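Please read these numbers as outputs of a predicted model, since none were measured by experiment.
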Amino acid sequence: MVPMTSSTANTSDRGLFDTRFSIGAAAIAAVAALLGVAFAWTGYNGGMLPVLGLELSILTGMIGLLFGFGIATVAFVAAVYMEPGFDQ
C-alpha cells in the first residue's frame, strides 16, 4: 500500500461559485452560450445583426453558434477545474 502524501490528501473541494474567478468564468460561459443561440436564431430567420447590420444566413448563424458554444465550453471548464490564484 502506498501512503498518501500531503498533495494528494489535501485536494481543494471548491464549488463553482466559491471564488471570484469561478463566478466570472461561469458568467462568461453563460453569456457566450446565449450569444451563440442568438446568432443561430438570427441566422435561421435570415435576420441582421443589430449593431453591425450584417445579414446572417443559416450557415453563418451555425458558425456563430459553434463559436459561442466553444468559448462557453472552455470558460466552463476553466470555472470548474482552475485552482485559485494568488489571492487564496
Hydrophobic cluster membership, Val77 vs Val80, 4.5 Å side-chain cutoff: yes
Ala33 versus Ala72, closest heavy-atom pair with distance: N-CB, 3.9 Å
OG1-CD distance between Thr42 and Glu55, expressed to the nearest 0.5 angstrom: 11.5 Å
Passing candidate, side chain to side chain contact (heavy atoms under 4.5 Å, CB included) with Leu56, options Phe39, Trp41, Tyr44: Phe39
Those residues that, when tested against Val31, pass side chain to side chain contact (heavy atoms under 4.5 Å, CB included) (two or more places apart): Leu35
From CA spacing to verdict: side-chain contact (heavy atoms from CB on, under 4.5 Å), Met62, Leu65: CA-CA 5 Å; Met62 285 297 119; Leu65 174 76; 4.0 Å; yes
Inter-residue atom distance Ser22.OG - Phe76.CZ, 0.5 Å rounding: 10.0 Å
